[in-house]
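Only one structure is covered here, and it is reproduced in the block below.
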2 protein chains.
Amino acid sequence: MPTYKTRAQFVADDLRRRILGGEFKGGTQLRQDALAKDYEVSRIPVREALLALESEGLVEFHAHRGAFTTELSVAKIRELFELRILLETYVLKRAIPELSDADLQHAENLLRQYDAALDSGGQIDNWSDYNFAFHQALYAPAGLPETMSLISQLNTKSDRYIRMQLLYTQEIEKAEREHHDLLELARQGDIDRACALLEQHIAEACEGIVTVLEKRSQDLQEA
Amino acid sequence: MPTYKTRAQFVADDLRRRILGGEFKGGTQLRQDALAKDYEVSRIPVREALLALESEGLVEFHAHRGAFTTELSVAKIRELFELRILLETYVLKRAIPELSDADLQHAENLLRQYDAALDSGGQIDNWSDYNFAFHQALYAPAGLPETMSLISQLNTKSDRYIRMQLLYTQEIEKAEREHHDLLELARQGDIDRACALLEQHIAEACEGIVTVLEKRSQDLQEA
DNA sequence: CCATCGTAGTTTGTATACAATGTGCAATAC
DNA sequence: GTATTGCACATTGTATACAAACTACGATGG
């Protein structure tokens with residue numbers, strides 16, 4: 001918890017937002033000089049920001065050639081989502097027996113805010129944040145911070161594609177219903193069915209993304 | 001695969017080696033100026049190296065206060081090793097059906113080099129590298145690069161403690177025998193027993209480390 | 001005597017300037 | 001006409017210099 005935010009962190013946060021928002025197509029070079037001008041800082045904090053994003057898997061550095069935004073293949077996306085299933089069902093299983101009333105209340109509050117935001121016109125921009133916050137609320141009581149960190153990583157990497165899917169399909173309501181069901185199963189302490197639902201929840205999101213990607217690459221070939 | 005090595009990468013590699021080698025006790029501050037003098041470079045590449053190590057979990061940055069080497073609690077070590085069991089048995093299960101004769105030969109060659117190095121006086125320094133290379137040889141055929149990357153991360157984080165354990169106990173020969181058994185089970189395609197052995201292999205290493213750590217902290221309290 | 005504030009000194013964070021490397025185009029040779 | 005070489009330019013990587021923030025210690029007030 002840095003009490004103060006350095007310029008490098010500020011640039012990193014904003015660049016992450018822009019990349020995840022889809023502003024740059026995969027493989028585009030991020031010129032340090034241009035970004036430095038954009039943010040009215042020198043290239044040093046920009047470099048540091050890019051290095052931070054590299055460690056998150058959002059950009060790749062090639063020595064003396066610069067930073068390029070990464071693009072995931074369908075195979076890697078499937079792999080990421082398989083990992084998410086493995087890790088997230090693992091923590092959920094550990095978390096459910098530890099869930100306190102306060103934890104459940106907290107998760108429910110998140111869902112309510114969420115529903116409210118949906119009704120007042122879909123704010124897709126920060127849907128990902130809400131989404132992860134809800135999952136985190138269910139997972140955190142397991143008391144496995146390292147695991148949570150890995151899950152967070154995986155979510156960041158796949159975030160771009162989740163947003164893309166949400167733009168093309170109307171999956172938010174479905175995900176939302178599943179979230180309510182998941183919370184209910186967690187409340188009942190039904191570990192097996194909760195994990196099964198979670199697995200399905202993630203797997204279907206994956207398939208949705210792959211479908212969109214393959215459709216889009218077909219469109220590109222036709223054009 | 002950078003064709004050329006920048007100074008930042010060189011410093012990062014050497015610092016990683018030093019940290020994992022136990023040169024710095026947990027929580028010590030790494031002063032950029034001192035390191036810059038050490039390596040006869042400016043502070044810029046040193047900063048970048050420290051940032052890289054931060055993303056690997058070996059150091060922590062506090063804004064305007066600098067970088068400190070991290071120290072893992074027993075709870076976090078247990079968590080890391082649980083994650084290793086989860087992920088490594090997962091890839092092993094996927095890898096075994098894909099293992100070609102060449103893959104098995106490669107793994108066996110690594111074991112031989114390893115045995116030879118052991119006989120000619122224990123080279124603990126690069127034991128970790130050999131160790132990971134062997135495991136990687138068994139896992140790689142699964143064709144799951146993202147998963148391998150996570151496993152590699154977890155190994156890096158726990159590496160220091162593995163070395164420490166090896167210094168205090170004579171576990172290398174035992175690990176080595178288990179490696180031979182693991183290879184044999186993989187060759188036979190016995191997924192269940194191979195995964196069970198792997199799980200035991202990792203879990204026992206974890207217990208060994210925890211034992212050493214708790215003994216050491218007792219010694220410190222007495223002193 | 002303890003707490004709080006201010007100041008000096010140290011260390012980090014960032015800007016500017018320079019060096020090193022990669023890229024692309026043009027000129028030349030075949 | 002094509003391939004190769006060399007040079008100019010653009011971009012990254014690093015050094016130096018400066019600004020900002022934290023720490024520690026002592027002075028001042030309660």
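Side chains are part of it too, since the values below use all heavy atoms of this structure and drop only hydrogens, waters and symmetry mates. Nothing here was measured: the structure is a model prediction, and the numbers come from that model. Quick note on labels: first sequence line is chain A, next is B, and so on, each numbered from 1.
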Separation of atom [atom1] in [X] from atom [atom2] in [N], rounded to whole Å:
X	N	atom1	atom2	value
A:E40	C:dT14	CD	C1'	15 Å
A:E48	C:dA15	CD	P	10 Å
A:F61	D:dT11	CZ	C1'	12 Å
A:Q9	C:dT12	CD	P	15 Å
B:H64	D:dT23	NE2	C1'	14 Å
A:H62	C:dT23	NE2	P	11 Å
A:L50	D:dT12	CG	C1'	11 Å
B:L35	C:dT11	CG	P	12 Å

For [X] and [N], is the shortest distance between a side-chain N/O and OP1 or OP2 below 4.0 Å?
X	N	result
B:S42	D:dA15	yes
B:R47	C:dT12	no
B:Q32	C:dG13	yes
A:R7	C:dA15	yes
A:R65	C:dT21	no

Worksheet entry | Residues B:K157, B:E79; criterion salt bridge (charged side-chain N to carboxylate O under 4.0 Å, His left out); working and verdict | CA-CA 11 Å; B:K157 278 198 189 178; B:E79 194 185 341; over 6 Å; no
Discussion item. Students often mix this up, so state it plainly: with edges at 30° and 60°, are the rings of A:H201 and A:H179 parallel, tilted or perpendicular?
Written reply: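 Because their plane-to-plane angle lies in the 30° to 60° range, the rings of A:H201 and A:H179 count as tilted.
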Discussion item. Under 4.0 Å, counting only non-hydrogen atoms across every strand here, what does A:R31 touch: a base, just sugar-phosphate, or nothing?
Written reply: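 It contacts sugar-phosphate atoms only.
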Less than 4.0 angstrom from a charged side-chain N to a carboxylate O is my criterion; do [X] and [Y] meet it?
X	Y	result
A:R112	A:E108	yes
A:E82	B:R94	yes
B:R17	B:D13	no

Worksheet item: Between B:D33 and A:R43, which is nearer to the 5' end of DNA chain C once each is assigned its nearest nucleotide?
Response: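 It is B:D33 whose nearest nucleotide is closer to the 5' end.
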Worksheet item: More 5' along DNA chain D: A:Q29 or B:V41, using each one's nearest nucleotide?
Response: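 Looking at the nearest nucleotide for each, A:Q29 comes out on the 5' side.
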